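Values below: every heavy atom of this structure, side chains too, minus hydrogens, waters and symmetry copies. Chain naming here is simple, since letters A, B, ... match the order of the sequence lines and numbering starts at 1 in each. Being a predicted model, the structure only gives us computed values, none of them experimental.
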2 protein chains.
Amino acid sequence: MPRKRVVIIGGGFGGLTAAQSLRHTDVVLIDRTNHHLFQPLLYQVATAALSPGDIAWPLRTIFRRYPHVRVVMDEVLSIDRAARFVRLRDSAPIIFDILIVAPGSRHSYFGHDEWEQSAPGLKTLVDAVRLRENMLLAFEEAERRRTTTGTRDGLTFVIVGGGPTGVELAGALAEIGRKAMGPDFPNLCVDDLAILLVEGGSRILPGFDTDLSAKAAAALERMGVTIKLNSPVSDIRADGVTIGSEFVRSTNVIWAAGNRASPLLVSLAVPRDRSDRITVQPDLTIPGDPWIFVIGDAAHCAGPGGNPLPGLAPVAMQQGRYVATLIQKETAPEQRRPFVYADRGMLATIGRAQAVAQIGLVHLSGLVAWLLWCVVHIFFLIGFRNRVRVMSEWMWYYITFKPGARVIYQLPRRPREDERTSQARSAGQK
Amino acid sequence: MPRKRVVIIGGGFGGLTAAQSLRHTDVVLIDRTNHHLFQPLLYQVATAALSPGDIAWPLRTIFRRYPHVRVVMDEVLSIDRAARFVRLRDSAPIIFDILIVAPGSRHSYFGHDEWEQSAPGLKTLVDAVRLRENMLLAFEEAERRRTTTGTRDGLTFVIVGGGPTGVELAGALAEIGRKAMGPDFPNLCVDDLAILLVEGGSRILPGFDTDLSAKAAAALERMGVTIKLNSPVSDIRADGVTIGSEFVRSTNVIWAAGNRASPLLVSLAVPRDRSDRITVQPDLTIPGDPWIFVIGDAAHCAGPGGNPLPGLAPVAMQQGRYVATLIQKETAPEQRRPFVYADRGMLATIGRAQAVAQIGLVHLSGLVAWLLWCVVHIFFLIGFRNRVRVMSEWMWYYITFKPGARVIYQLPRRPREDERTSQARSAGQK
């Protein structure tokens, strides 16, 4: 009997772990990009602390020593369940016996896709490079405005969403803004910089227990971040955000609020939840097909208490390993034990020597939590080189506060303040 | 009497050195970007060995400790000699008493500007990131073509211009292609990769003596680079290059052949040479204006034997220091001694343990020249952090041959091979 072919869609934490765990099987790993991205540190690229190459590593290099894994850089357009193949944008279709679907998610603007233009999110390296560029240009613009017109408009960053990404972005922005950028812009002063963290719910970091939410909020406020709770955003335009009934002028809005699973999942034609995730069986398969698995951010997998498991790297990695074991042992559907997530805890960082950690009943904050966060993130980075680079970059940054990646590439020019405002006005008049 | 204001246009080697040498003078340094770029290593960013942040450092950070230097990130649109001010794109005009013009150069396509589309050059970080992206995608495309259609089209890179940039690019491409990319693309073999270095003159590295040109050529050929001498390029299209009467199919053409000084110089209304450089007086001023200096790539400055000085970092730096001294001492025009370039030698690198050096009558090649090249380049890099990063990155790369920056950002998609060919055809039919 010929060996079965396993096709994996997506080289994120789930897909990568599955491919690495499948020994002696014919594996094809398909990803749209050429690299595995260490997403938990993406916000540090967006805030100029790390370079893109520090947190991305080529998939082909990772799988050099796995002769049974073939890496294909291409975009999957659709999945044909009946004929057992995936359709690709640039290459010929690829036939599979077993399929692992791990395409991840993009942002969701809750039906307001037009907001994306003014409030970009953070999922890919390009997103991060663009956010970095916008941030650095905003400082240049504020300095220029001050010297040219003498006006004291201020420099307001608004981050929508108080989850881990929003908290980490707000903390990093406050740190770089006050400690790194401050000395470089002689005409701006600390009070000119305003960072708003806007959350629709009643507390930030809702995945953590209330005491840690409060500690994180206090730490952010000490760093100068203004937190607005119970504040749903009702409109985003080029010149600002409407929060409740209040309009906040800002040309630097970052979206960290909602996720939507990959549109590719539609072609599987099985039920999806509100976030477009596929509601998987206890063995992570789709209803009616015991050899098509969905893992990671694309899967709605019931956890303890019936809530879906969160979109975290450890969840995806454990799911990848679980699925690989089922495939390796060719476990029949009726003999499979359900996937159980072993929760090793959660971490969120705020700034230097500032983080929160929740490990079972143990709650940590401050320096201890931050050191734990550093160790965990270095440990899980792919590749010795990236570990050394990130570690040395952090040592440099947290000692000197001169982040290493403050480079404006000179991407196509961003419209100036006045141009943006007039665009927004003319758009409003339509 | 109020202090005189010196305005410097350009934060390259010339402008930066001048600004650093001018103590206790009111200086305004204007640059289009926010960073000083260490251009001699730009080809390493283009070939994925270094990250952009490793060879660029924010100008504002460099001048933190120079309170008399103000950094302005803006583009100079024109210079008004009579009214003594420069016009900027985004800010109010800036008045000067003394002006140092150091805007550098861009590529010149010898009257064929339409070639730029198919044969980009290498001057800025964006140029380098785009070249890197094209190179990595070309490997992916070749691998895809091989697995999908089984054809053995090959992967041909053509580099136009046999000066230092062309030689360094060809060597780096050969190295990364054979040693780093080879193992990652199981369906490509070494013979599929062709690298052509095309030079219109009779030898590569024409600035060096003939023995070193020959050694560099031999080293490149050992690495698998094909050198075509006396081969002027007569046409470049999306699907290939015409060299003499021969058409070479390639969608990866890189331009390293000609330079043209910044168009800004036109507004000075003084005579320019064939490359649009301003023919400066012996004291680097423009004719008729003893307090407007032009330095670096923008200046045609007669050297020994009457030939213009080459566009090298040491030339620009020495000119920057010379001009700063004249300004500092307020030397009257008739008392100025002409600028004399102290030639400390030239270096060009080809690959690991391969370089050529010409220092007066001393000629070096091979490992010794390469180590010298490494030391010189590390020494002149701006900033302790960048020195450590580049050094550690080189150690890692030259030991493992896994360059650290092989990241495809997923910029807007590049047309596929067949799309490009059909575009070229339809363009030809017009």
Under 6.0 Å from the CD1 atom of A:I95, do we count more than 12 heavy atoms belonging to anything else shown? no
How long is the span from the CZ atom in A:R145 to the OG atom in B:S91, to the nearest 0.5 Å? 11.5 Å
Checked A:A128, A:P183, A:A92 vs chain B; the most non-hydrogen pairs under 4.5 Å come from A:P183
Please classify the contact between A:L88 and chain B as side chain, backbone, both or neither, with a heavy-atom cut-off of under 4.5 Å. neither
With a 4.5 angstrom heavy-atom cut-off, which part of B:L136 approaches chain A: side chain, backbone, both or neither? side chain
How long is the gap from CG on A:D90 to CD on B:E140, to the nearest 0.5 Å? 10.5 Å
Can you check whether B:R70 reaches A:E143 side chain to side chain, under 4.5 Å on heavy atoms? no
Side chain to side chain contact (heavy atoms under 4.5 Å, CB included) involving A:Q20 - partner list, sequence neighbours excluded: A:L16, A:I62, A:F63, A:Y66
Taking B:R144 for its side chain and A:M73 for its backbone only, find out whether a donor-acceptor pair lies under 3.5 Å. yes
Inter-residue atom distance B:D184.CG - A:L59.CG, 0.5 Å rounding: 10.0 Å
